[in-house]
Amino acid sequence: MATYTDPYEIKTVKERIFGNPYVGRGIIVGLTKDVRKAVIAYFIMGRSANSRNRIFVKDGENIMIRPFDESKVEDPSLIIYYPVRTVGNTLIVTNGDQTDTIADLCSGSNDLDTCTFVEALRTREFEPDGPNWTPRISAALDLKPSDNFRYDMNILKSADREGNACNRFFFEYEGIPGEGHFLHTYQTDGNPIPTFIGEPERVAIPDDIDSLTDEIWSNLDEDNKISLYVRYIDLIGEEYEERLINKYE
């Protein structure tokens, strides 16, 4: 008998991550119930010493990842990047250096152009870390004052176990009060690590930034969580609140 999954089911972030040893890197985007604030969250996890040797660092309105101990860096290519960048009225969140690819094409534009987001990511593929072939996940938010808050999400995945081709999945969302979407790189731990499947997961978005920050950080696996960044952006005043947690700082 086929198992039915409700495509409209909304779960808390806790329900999505608690008890799962390894969801990898994750992006959450959504809208508060009062429709005043756009919300992003980005976290990283790691199993190896190289992956765990990282911290989030503020760089103006942007966030960058740096090694905690530079003497222990083995391979910087996949662990050092800007996960959060702002270009005009577009906020970009990704799990790799594709942040810069999107930002470069957004430069000179004040609005999120879906075609720009799509075209930028058509030039990129999943990470070259076989046999895991870690997906690249990305999101872009349109922050200009509007009654129609919207955001785009994307995942770039290997088409097979050998990494012979890349499948690209794009999702465009209209903001729904009190709701968001959660996209992460892996289903759970494994060897190789099983890749995320399906559409971004629907999650409830609290009105309070500290509630969401605590919900994510306290329910990520204690051994594998590394860093978390959360931002609540006022869609009218353009001011924002942020929280940043580094396990190894």
Side-chain angles (χ1 to χ4, degrees), residues 2-9 11 16-17 20-29 40-48 50-51 65 74-85 92-106 112-141 150-173 180-203 221 224:
T3 301
Y4 171 72
T5 301
D6 182 358
Y8 300 110
E9 182 179 23
K11 293 185 177 182
R16 295 292 187 191
I17 64 177
N20 189 332
Y22 205 61
V23 292
R25 285 165 272 173
I27 297 172
I28 296 171
V29 183
I40 65 160
Y42 179 66
F43 65 80
I44 59 175
M45 305 178 76
R47 302 187 306 173
S48 68
N50 191 50
S51 292
I65 296 179
E74 299 170 9
D75 179 6
S77 62
L78 296 178
I79 68 167
I80 299 175
Y81 55 91
Y82 278 88
V84 178
R85 284 189 62 183
I92 304 162
V93 189
T94 89
N95 73 327
D97 63 10
Q98 71 269 26
T99 306
D100 297 332
T101 305
I102 301 167
D104 289 345
L105 284 181
C106 282
L112 170 59
D113 183 339
T114 303
C115 293
T116 298
F117 183 75
V118 171
E119 292 305 320
L121 290 166
R122 280 180 177 158
T123 70
R124 302 302 304 268
E125 294 188 349
F126 50 87
E127 295 182 0
D129 62 342
N132 295 318
W133 309 120
T134 299
R136 292 188 187 272
I137 56 175
S138 306
L141 292 70
R150 56 174 286 264
Y151 53 94
D152 297 340
M153 302 185 85
N154 161 269
I155 183 167
L156 308 177
K157 298 172 53 176
S158 176
D160 56 26
R161 293 187 181 90
E162 291 73 37
N164 289 318
C166 180
N167 291 336
R168 298 174 176 85
F169 301 89
F170 296 90
F171 308 90
E172 182 176 341
Y173 296 106
H181 289 88
F182 177 30
L183 184 58
H184 45 100
T185 51
Y186 305 124
Q187 296 180 59
T188 188
D189 205 354
N191 189 22
I193 316 173
T195 296
F196 178 90
I197 58 173
E199 297 180 18
E201 300 164 342
R202 298 181 77 193
V203 291
D221 183 81
N224 293 322

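Starting from 1, each residue takes its place in the sequence as its number.
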Notebook entry, point to check: Going by the side-chain hydrogen bond (donor to acceptor under 3.5 Å, both in side chains) test, which pairs reach into residues 190-203, not counting sequence neighbours?
Noted result: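 Pairs touching residues 190-203 that pass the test: E179-R202, H184-E201.
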Between [atom1] of [X] and [atom2] of [Y], what distance do you get to the nearest 0.5 Å?
X    : Y    : atom1 : atom2 : value
I155 : T185 : CD1   : OG1   : 8.0 Å
R25  : Y22  : CZ    : OH    : 7.5 Å
L183 : F169 : CG    : CZ    : 11.5 Å
E119 : L105 : CD    : CG    : 8.5 Å

Do you know the tightest heavy-atom contact between [X] and [Y]?
X    : Y    : answer
G163 : W133 : N-NE1, 3.5 Å
P131 : P192 : O-CB, 3.7 Å
G24  : Y186 : CA-CD1, 3.6 Å
P21  : T188 : CD-OG1, 3.5 Å
Y42  : G26  : CD1-O, 3.1 Å

With sequence neighbours excluded, residues passing salt bridge (charged side-chain N to carboxylate O under 4.0 Å, His left out) with R47: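 Scan of R47 (salt bridge (charged side-chain N to carboxylate O under 4.0 Å, His left out), adjacent residues dropped) gives D189.
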Residue list, salt bridge (charged side-chain N to carboxylate O under 4.0 Å, His left out) with D104, at least two apart or on another chain: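 Per chain and number, D104 pairs via salt bridge (charged side-chain N to carboxylate O under 4.0 Å, His left out) with no residue.
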Quiz item: Less than 4.0 Å between a side-chain N and a carboxylate O, is that true for D6 and K11?
Solution: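 Between D6 and K11 there is no salt bridge, as every charged N stays at least 4.0 Å from the carboxylate O atoms.
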Do [X] and [Y] come within less than 4.5 Å of each other through their side chains, counting heavy atoms only?
X    : Y    : result
N95  : E127 : yes
I197 : K157 : yes
L156 : E125 : no
I92  : F117 : no
V203 : I28  : yes

Item to check | Working for side chain to side chain contact (heavy atoms under 4.5 Å, CB included), residues R136 and D97 | outcome: CA-CA 9 Å; R136 292 188 187 272; D97 63 10; 3.5 Å; yes
Return the set of residues passing side chain to side chain donor-acceptor pair (under 3.5 Å) with [X] (not counting sequence neighbours), or none when no residue passes.
X    : value
N224 : R52, D221
S48  : S51
R16  : none
T101 : R124

Only counting residues at least two apart or in another chain, list the ones meeting side chain to side chain contact (heavy atoms under 4.5 Å, CB included) with [X].
X    : answer
F43  : V23, M45, F182, I216, L220, L228
A165 : A159
N164 : D160, E162

Which residues share a ring-ring contact (aromatic ring centres under 6.0 Å, His included) with Y173, sequence neighbours left out |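 ring-ring contact (aromatic ring centres under 6.0 Å, His included) list for Y173, sorted by chain: Y151, H181.
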| request: Look only at the side chain of Y82 and the backbone of D100, and say whether a donor-acceptor pair between them is shorter than 3.5 Å. | output: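 Looks like no, no N/O pair under 3.5 Å.
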Test your reading of the model: is there a side-chain donor-acceptor pair from N20 to the backbone of Q187, 3.5 Å cut-off?
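Yes, the answer is positive, given that a donor and an acceptor are paired below the 3.5 Å cut-off.
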Practice problem: Kindly determine whether T94 and S138 satisfy side-chain hydrogen bond (donor to acceptor under 3.5 Å, both in side chains), including the steps that lead there. | Solution: CA-CA 4 Å; T94 89; S138 306; 4.8 Å; no
